[in-house]
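Supplied in structure tokens, the structure appears directly below.
The structure presented is a predicted model; accordingly, all values stated were derived computationally and were not measured. Within every chain, numbering begins at 1; the chains are lettered A, B, ... in the order of the sequence lines, protein sequences first and strands thereafter.
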Amino acid sequence: MEKPYDFKTIEEKWQEYWREKATFSAENFSAKPRYYALDMFPYPSGAGLHIGHPEGYTASDILSRYLRARGYNVLHPMGWDAFGLPSEQHAIQTGTDPRINTRSNVDTFRRQIQRIGFAIDWSREVNTTDPHYYRWTQWIFLQMFKHNLAFVDKRPIWWCPALKSVLANEEIVDGLSERGRHPVERRPMRQWILRITRYAEKLLEELDGLDWPDSTKRQQIAWIGRSQGAEVDFPIRNSEKCLSVYTTRPDTLLGATYLVVAPEHPVLETITTPEQRDAVSDYQQKTAKKSDLDRTDLAKTKTGVFSGAHAAHPLTGEPLPIWVSDYVLMSYGSGAIMCVPAHDARDFEFAQLFHLPICQVIRPVDTDVDATIPYCERGILCNSGEYDGLTSNAAREAIIDCLEAGGMGRRQVNYRLRDWLFSRQRYWGEPIPIVWVGEGDFAAILRTPGSPFLEFMPSEPVCYEEGGQKFYAVPLSSTALPLQLPPTESYPPSDDGESPLARLDSWVSVWIHPQTGEIRSRADGRPSDEWVPARRETNTMPQWAGSCWYHLRYMSPACETAPVDPKIVDYWRAPDFYIGGAEHAVLHLLYARFWHRFLYDIGVVPTKEPYPRLFHQGIILGEDGEKMSKSRGNVVNPDAIIQSSGADALRLYEMFLGPLEAVKPWDARGIEGIIRFLKRTWKFYSEVSVDGGCDGDETQRLLHESIRKVREDIEGLRFNTAIAQLMILLNHLQKLPRISRFTAESFIQLLAPFAPHICEEIWEQLGHRESIVRAPFPNFDSQWLTRDAVIIVVQVNGKRRGEICVSTDAAESDVLEKARVCGSVLPHLRGREIVKEVHVPHRIVNFVVH
RNA sequence: GCCUGGGUGGCGGAAUGGUAGACGCAGAGGACUUAAAAUCCUCUGACCGUAUGGUCGUAGGGGUUCGAGUCCCCUCUUAGGCACCA
């Protein structure tokens with residue numbers, strides 16, 4: 001009597017089994033080869049799991065299950081990136097503690113992920129909002145602080161009035177907030193900044209050795225934006241000062257006809273002439289009001305004003321007018337440029353607009369090349385005095401040498417990368433473990449030997465000035481961590497952008513004891529004279545912080561003495577495989593590389609790079625071929641698929657849709673084929689007779705070919721073609737009344753990484769007591785991969801005219817003779833002269849005839 | 001504007017320079033059934049032909065090659081990234 005394929009019962013049974021037996025726990029030290037497969041952990045949103053999540057998770061799961069069956073000690077963990085804006089917004093709207101909402105979202109995500117049957121070691125689950133976790137996020141921050149990589153600055157930052165939040169450069173897209181697409185403006189605010197720029201060179205260098213998608217590497221290279229050139233000093237007329245500019249084209253120096261400074265450039269204060277004062281101030285005010293969207297819009301014609309001042313050309317002494325324009329950015333280089341309108345498109349446009357002189361100093365090497373001005377390529381110098389006739393490359397070196405000799409310039413490397421704005425005026429983030437004290441108290445702390453506050457004290461103190469008073473940053477000691485997020489009733493930031501934490505005065509205002517490191521609320525009154533007043537930092541860290549090092553925490557999630565146990569990280573090293581969306585190509589992946597590299601530099605981890613091998617799964621589009629979104633109403637819910645078709649079907653279908661890296665649309669009808677495949681598998685095993693006999697040659701051949709193909713395809717992440725091969729194999733087996741035990745078991749084992757539940761069930765029905773996970777993956781026998789005879793296609797002039805069957809070891813002359821007399825080929829050869837015979841063994845014969 | 005990927009049947013897709021369209025969906029016909037669903041079998045790129053078969057065909061145009069979806073050049077198109085970075 002045939003039982004129907006009851007996927008719900010089967011799947012829940014085995015999920016329970018795996019959970020109870022901790023089937024997928026990873027050993028920290030094992031003689032087996034190790035493999036660490038890492039998924040980008042999800043942000044547990046209120047919307048629940050999205051169809052895109054299981055795509056990458058299934059891929060890493062198939063790989064994990066396969067390698068486990070190949071004898072590897074596999075670590076495949078999961079966790080939650082649970083700090084973030086949506087939970088905070090929810091708290092603001094409902095007034096409920098984001099901890100409550102976050103906990104329930106995490107529970108939902110865990111339940112949903114477990115219902116898909118991933119081979120995850122749940123004992124290693126991490127959560128960035130857990131104080132046991134963020135204790136170490138704070139610790140790493142303090143290490144950066146200690147190493148002078150964290151500082152504060154009052155600088156104009158992006159402020160989004162709608163979100164009431166400051167945003168990082170990276171969170172602005174097209175002049176709008178990445179989240180919510182709200183307008184943003186500049187506002188000066190005291191901010192924590194991490195000196196990622198100090199790591200620019202290291203981050204660039206190591207990129208080369210990573211097994212990453214090329215496009216992602218290219219994006220990071222572009223983001224870091226290393227450029228090589230020179231800083232050139234132009235002495236300002238009637239002044240002691242110089243105006244320094246950065247250029248990547250020192251070879252065009254003799255073609256510089258004017259200078260332009262950014263409207264924010266401090267030099268304007270002193271050099272602007274009285275006649276031009278009003279015009280310059282007016283222009284400065286106008287640009288301050290402009291959004292960056294307006295300011296960087298290339299379509300806009302350039303604007304600018306003359307400052308009235310001149311600077312001397314460092315080589316000729318020629319006076320060059322200094323202009324002001326917002327096409328020069330204060331944040332890059334020195335905020336000033338030399339303009340060579342003949343050889344730069346932007347300078348050319350500006351020079352034309354304001355009738356500034358244009359002087360050509362480069363001509364093309366090849367006279368056929370279009371030399372229309374502006375000519376922006378390299379070439380041969382002209383109108384450049386002693387440098388005439390030199391190539392751009394030679395001239396660049398000669399000119400920089402001359403500038404350096406005269407103290408008028410120097411070689412310089414610049415990066416497009418900006419320092420990382422690391423503070424948020426938010427509640428739902430890691431508190432920054434810093435208190436602020438006055439100048440005298442700070443000096444006292446420095447003079448206190450053995451003070452716990454000296455543990456993370458940097459060599460260069462971090463301070464800021466407010467109301468004529470200086471405040472110094474004092475780092476909490478590691479024993480004071482975690483600095484827990486205090487409970488509050490009110491979540492919105494204030495209108496001036498201060499964090500909600502700033503309102504908790506009993507938390508913010510504290511006494512600290514320099515000798516003991518104790519901290520007490522100031523609400524309680526000063527305990528004794530030794531205690532000094534301090535104020536806590538009220539900013540929190542951005543969401544990126546927790547995801548910068550979670551790959552390490554999985555290794556030793558309960559470690560109480562370090563972010564990661566040194567012995568255990570020595571064992572696991574770094575994830576062997578990391579999979580996640582391409583949208584993280586620069587932000588998360590650059591920040592995490594920075595933190596990880598820093599941890600390497602201070603000896604916490606043994607590897608320079610966190611993710612040696614990276615893969616991006618392509619997004620799954622809605623059935624209409626558009627990105628899934630609530631507003632389009634094309635969202636596919638994984639829960640509904642599991643309900644109607646089962647987790648095995650969901651897993652298989654997501655992998656069968658197409659190549660893992662491709663962007664591909666969902667098709668609700670397509671999953672029918674997968675369901676049929678699973679039902680046929682079920683039915684086949686309940687009917688077929690599995691005996692000790694042998695299979696026919698054809699069956700053996702197909703089985704061993706399939707084993708090879710599936711193994712290779714899993715290793716190459718070509719899951720769609722692996723599944724196709726399993727379908728071909730089943731289509732064949734289905735026709736047989738009986739199969740051997742080896743064949744019966746092999747097919748199920750090949751399918752098991754993809755559809756683990758049904759395979760566990762069938763495995764059990766085949767008489768096994770232990771989980772299929774424990775069974776070694778089948779090997780192919782290469783004797784079945786070679787054939788005695790092979791079909792060869794015969795072409796005449798490249799057109800297929802017939803086929804012949806020849807033995808694999810047939811001599812070439814025999815093959816050609818057989819091809820020549822082949823019935824369907826003969827008519828095409830008759831009366832023609834064969835001028836060439838091409839024979840590719842085991843593949844093709846081609847006769848070239850006249 | 002610049003830098004990357006893509007463009008193959010009605011659809012998702014498969015093809016180490018060597019039989020284009022594997023596998024699956026959808027569609028057509030048939031078997032089973034009182035009937036439907038499910039299942040199973042056959043067919044299914046276009047055109048011509050009763051048929052053996054032939055011609056065309058991988059966005060378009062050129063090229064290399066005995067042979068090109070695959071390599072090279074140009075054009076169109078689409079997705080992603082960057083965008084006054086001096």
Rounded distance in Å between the P positions of B:rG17 and B:rG69: 13 Å
Can you list everything that forms a side chain to side chain donor-acceptor pair (under 3.5 Å) with A:Asp233? Sequence neighbours excluded, please. A:Ser244, A:Arg410
Which one, B:rG81, B:rC23, B:rA86, comes nearest to the side chain of A:Met727? B:rC23
Among residues at least two apart in sequence or on other chains, which ones pass side chain to side chain donor-acceptor pair (under 3.5 Å) with A:Lys818?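 Counting only residues at least two positions away or on another chain, A:Lys818 forms no side chain to side chain donor-acceptor pair (under 3.5 Å).
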Can A:Arg418 and A:Thr197 be counted as having a side-chain donor-acceptor contact under 3.5 angstrom?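 Result is no, nothing qualifies.
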Qualifying residues under salt bridge (charged side-chain N to carboxylate O under 4.0 Å, His left out), relative to A:Glu623, sequence neighbours excluded: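 Per chain and number, A:Glu623 pairs via salt bridge (charged side-chain N to carboxylate O under 4.0 Å, His left out) with no residue.
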Dot-bracket summary - RNA chain B, pairs being Watson-Crick or G-U whose distances fall under 3.5 Å, with | when paired to another strand: (((((((..(((.....[....))).(((((.......))))).((((....))))..(((((..]....))))))))))))....
Using atom C1' of each nucleotide, how far apart are B:rC71 and B:rG18 to the nearest Å? 15 Å
As a test of reading the structure: which of B:rA83, B:rC3, B:rU19 is closest to the side chain of A:Ile844, going by heavy atoms? B:rU19
Distance between the P atoms of B:rA37 and B:rG27, in whole angstroms? 11 Å
When you measure from the side chain of A:Asp326, which nucleotide among B:rC84, B:rG5, B:rA86 comes out closest? B:rC84
List in chain and number order the residues that pass salt bridge (charged side-chain N to carboxylate O under 4.0 Å, His left out) with A:Lys217, two or more places apart in sequence or in another chain; answer none if no residue qualifies.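 Checked A:Lys217 against salt bridge (charged side-chain N to carboxylate O under 4.0 Å, His left out); zero matches.
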Assigned glycosidic conformation for B:rG45 [threshold 90° from 0]: anti
Can you label the angle between the A:Phe350 ring and the A:Tyr258 ring as parallel, tilted or perpendicular, going by 30° and 60°? parallel
Measure across A:Val324 and A:Val260 and return the closest heavy-atom pair with its distance rounded to 0.1 Å.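 A:Val324 and A:Val260 have their closest heavy atoms at C-CG1, 4.1 Å.
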Using salt bridge (charged side-chain N to carboxylate O under 4.0 Å, His left out) as the criterion, list what pairs up with A:Glu377, not counting sequence neighbours. none
Identify the pairs formed between an N or O of the protein and an N or O of nucleotides 10-15 of chain B at a distance under 3.5 Å, and give each distance.
unit_1 : atom_1 : unit_2   : atom_2 : d
B:rG12 : O2'    : A:Leu657 : O      : 2.6
B:rA14 : OP1    : A:Asn720 : ND2    : 2.9

Using side-chain contact (heavy atoms from CB on, under 4.5 Å) as the criterion, list what pairs up with A:Gln219, not counting sequence neighbours.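 Result, side-chain contact (heavy atoms from CB on, under 4.5 Å) vs A:Gln219: A:Ala585, A:Val586.
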Work out how far the P atom of B:rA51 is from that of B:rG45, and round it to whole angstrom. 15 Å
With a non-hydrogen cut-off below 4.0 angstrom, is A:Asn414 in contact with a base, only sugar-phosphate, or nothing? nothing
State, to 0.1 Å, how close A:Glu837 and A:Leu816 come at their nearest heavy-atom pair, and which atoms those are. OE1-CD1, 3.5 Å
Those residues that, when tested against A:Glu812, pass side chain to side chain donor-acceptor pair (under 3.5 Å) (two or more places apart):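 A:Glu812 satisfies side chain to side chain donor-acceptor pair (under 3.5 Å) with A:His839 only.
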Sequence neighbours excluded, which residues qualify as side chain to side chain donor-acceptor pair (under 3.5 Å) partners of A:Asp211? none
First encountered from the 5' end of RNA chain B, between A:Lys679 and A:Asp344: A:Lys679
For nucleotides B:rG29 and B:rC66, find the distance between their P atoms and express it as a whole number of Å. 49 Å
Work out how far the P atom of B:rC40 is from that of B:rG53, and round it to whole angstrom. 31 Å
What's the gap between B:rC47 and B:rG9 when it is taken at their C1' atoms, as a whole Å value? 15 Å
Between the CE atom in A:Met338 and the CG atom in A:Asp344, the distance rounded to the nearest 0.5 Å is 9.5 Å
For A:Leu736, which of A:Arg738, A:Gln734, A:His732 qualifies under side chain to side chain contact (heavy atoms under 4.5 Å, CB included)?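 With A:Leu736 as partner, A:Arg738, A:Gln734, A:His732 yield a single side chain to side chain contact (heavy atoms under 4.5 Å, CB included), made by A:His732.
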Atom CD1 of A:Ile675 and atom P of B:rC25 are separated, to the nearest Å, by 11 Å
Quick one: what's the B/S/- string for nucleotides 40-58 of chain B, heavy-atom cutoff under 4.0 Å, read 5' to 3'? S-------------SSS--
Starting at the 5' end of RNA chain B and moving along, which residue's nearest nucleotide shows up first, A:Ile671 or A:Lys627? A:Ile671
N/O to N/O distances under 3.5 Å, protein versus nucleotides 65-67 of chain B:
unit_1 : atom_1 : unit_2   : atom_2 : d
B:rC66 : OP1    : A:Lys836 : NZ     : 3.4
B:rC66 : O2'    : A:Asn846 : ND2    : 3.1
B:rC66 : O2     : A:Asn846 : ND2    : 2.7

Can the ring centroids of A:Tyr653 and A:Trp666 be said to lie less than 6.0 angstrom from one another? yes
Please give the distance between the C1' atoms of B:rG1 and B:rA15 as a whole number of Å.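 After rounding to an integer number of Å, I get 37 Å for this pair.
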